[in-house]
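Worksheet: one structure, shown below.
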Amino acid sequence: MTTATLSLSADEARRIALRAQGLLGAPDRRAGVRGVLRRLGAIQLDTISVLARSHELVPYARLGAVGRDAVEAAYWADGHSFEYWSHAACVLPVEEWPYFAFRRRAYRAKGHRWHRLEDSERSCAAVRDRLKADGPLTATELGGAKNGGEWYDWSETKIAVEWLLDTGEVVCTRRRGWKRVYDLAERAIPEELLHDDPDDHECLRRLVAQAGAAMGVATRADLADYHRLKGEQVDAVVAETGLVPVEVEGWGRPAWADPAALEAESAARRERHRTTLLSPFDSLIWDRKRTERIFGFTHRLEAYVPRAKRIHGYFAMPLLSGGRLLGRVDPAREGRTLVARQVSMAGRRAAEPMARALWEAASWVGCDAVRVERCDDPEAAAALTAALA
């Protein structure tokens, strides 16, 4: 006898996703930034810094105006995390080190990643010896990261240390001036984790389960995208993850839900919704197709789009309020003024939450004024100007 598949409404799925991501309900301030990292399992890094870097914006969106120095310390102090390839280059809880053994083994089997070493044995040995003798170092300190050509024209030393990072002999323990700081895995990773070597199947099972818990409810493609797995890798393990098959109104494809997320939704009463600006790289919205499916909101990072072809701006940050995405703003800073270079909103109703989000963000980054440069909807622009006053 087969059990009927649980059906979820679109609103239930949206609430489950928000709650799983720490954006619905009271924030766990005692667990703080490290708690956010453990809950999400991966926080994407990116070079762009407008209000702040993306890995700072993610805990800010969930916890409010946590100190920026405190964010960095929470990630990197005392060996609580490491940087590796997940959804992209991400900060990961150190407890997840064993689960990426499958990826490290795949790189070793391939023999190279982006670049090939001219003398792999000599170059890698030189990096190992320097790190062993001198402790954690950047590529520049190891001997230089570039050959002098294009930005991707890496030196032999940079290729070697990145190869050792890919294959697990070296760990990125923090960023200094946005440069990776490398250390030997044997020194940076706790011994019990360093020698925990699950097979590929177990690695994938754990990562798919973690992704399911972090998203609350997800399709096969969602589960794969979270840590950039393949669909067939999800297929091989999803039945062993504890995730529950569900049908979601309007999704039109099979999905799985985390049992704890389903229980939380069934027990939920009135919960606190966060009003905040989201980094374009926030894990709530980093998958464009999932964002459209859950929120009916088309989200695209336009930083790498030619200026003349941008619709919403260089680093448009979506506005989350009341569990909905109600608009977006492309922010900048001029001295102590937060400048909303371009604003788009879902009508007048979004003006008050947009104003609240702008003022909170301004205060967080040390600004004491907010100025709107452009809003194409005159009625919404007037409402926003009034709400900001």
Side-chain angles (χ1 to χ4, degrees), residues 33-34 37 42-49 52-56 68-86 88-98 100-101 103-105 107-108 110-196:
V33 176
R34 288 176 184 167
L37 177 59
I43 293 179
Q44 186 171 341
L45 293 156
D46 193 80
T47 58
I48 298 172
S49 181
R53 293 202 188 273
S54 185
H55 67 287
E56 299 173 278
R68 294 175 65 186
D69 289 342
V71 172
E72 294 295 332
Y75 286 143
W76 305 121
D78 305 320
H80 283 276
S81 65
F82 68 107
E83 179 185 335
Y84 196 62
W85 307 107
S86 167
C90 290
V91 186
L92 303 165
V94 72
E95 293 81 8
E96 290 185 13
W97 170 265
F100 286 88
R103 188 157 284 161
R104 297 190 289 267
R105 284 191 287 262
Y107 287 140
R108 283 196 294 271
K110 185 178 179 182
H112 67 92
R113 193 165 183 215
W114 293 310
H115 301 79
R116 293 182 184 271
L117 288 160
E118 294 177 8
D119 187 339
S120 179
E121 187 173 342
R122 178 186 61 80
S123 299
C124 290
V127 169
R128 292 188 198 99
D129 289 346
R130 278 295 308 283
L131 293 176
K132 186 173 183 179
D134 299 334
L137 299 168
T138 66
T140 300
E141 292 165 340
L142 281 164
K146 303 288 181 64
N147 279 329
E150 298 295 325
W151 72 273
Y152 215 55
D153 183 22
W154 286 358
S155 68
E156 187 82 351
T157 297
K158 173 68 170 176
I159 297 171
V161 74
E162 285 289 321
W163 173 244
L164 294 173
L165 174 75
D166 290 341
T167 55
E169 289 190 60
V170 160
V171 178
C172 176
T173 57
R174 64 182 183 278
R175 293 264 184 153
R176 186 195 307 146
W178 203 241
K179 294 179 179 179
R180 283 180 176 148
V181 178
Y182 305 93
D183 199 2
L184 296 173
E186 63 193 47
R187 192 159 51 203
I189 302 297
E191 187 173 358
E192 66 275 15
L193 297 174
L194 182 66
H195 298 295
D196 184 0

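Keep in mind that this is a model prediction, so the values were computed, not measured.
Ala42 and Ser86 get closest at one heavy-atom pair: CB-OG, 3.6 Å. Residues Arg34 and Ala73 come closest through the heavy atom pair NH2-O, 3.6 Å. Here the shortest heavy-atom pairing between Trp178 and Leu45 reads CH2-CD2, 3.8 Å. Minimum heavy-atom separation, Thr157 to Ala139: CG2-O, 4.5 Å. Shown here for Glu141 and Pro136, the closest heavy-atom pair between the two residues is OE1-O, 4.4 Å. When every heavy atom of Leu131 is checked against every heavy atom of Tyr182, the shortest pair comes out as CD2-O, 3.4 Å.
The structure places NE2 of His55 at 9.0 Å from OG of Ser49, a figure rounded to the nearest 0.5 Å. To the nearest 0.5 Å, the span separating CZ on Arg128 from CG on Leu184 amounts to 9.0 Å. Atom CG of residue Asp69 and atom CD of residue Glu56 lie 8.5 Å apart, to the nearest 0.5 angstrom. To the nearest 0.5 Å, atom OH of residue Tyr75 and atom CG of residue Leu92 are 11.0 Å apart. One finds the CG atom of Leu164 at 9.5 Å from the OG atom of Ser123 (value rounded to the nearest 0.5 Å). Interatomic distance, CD1 of Ile48 versus CZ of Arg53, reported as 9.5 Å (0.5 Å rounding).
Side chains of Trp163 and Glu169 form no contact here, defined as non-hydrogen atoms less than 4.5 Å apart. Side-chain atoms of Glu72 and Arg174, non-hydrogen and from C-beta on, never get closer than 4.5 Å to each other.
Identified under the salt bridge (charged side-chain N to carboxylate O under 4.0 Å, His left out) test for residues 185-195, with sequence neighbours left out: Asp183-Arg187.
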Please lay out, stage by stage, how Leu37 and His80 fare under the test side-chain contact (heavy atoms from CB on, under 4.5 Å). CA-CA 10 Å; Leu37 177 59; His80 283 276; over 6 Å; no
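Between the side chain of Arg103 and the backbone N or O of Trp85 there is at least one donor-acceptor pair closer than 3.5 Å.
Using cut-offs of 30° and 60° on the angle between ring planes, the pair Phe100 and Tyr84 is perpendicular.
Between Glu83 and Arg175 there is a salt bridge, with a side-chain nitrogen of the basic residue lying less than 4.0 Å from a carboxylate oxygen of the acidic one.
Under the ring-ring contact (aromatic ring centres under 6.0 Å, His included) criterion, Trp97 pairs with Phe82, not counting sequence neighbours.
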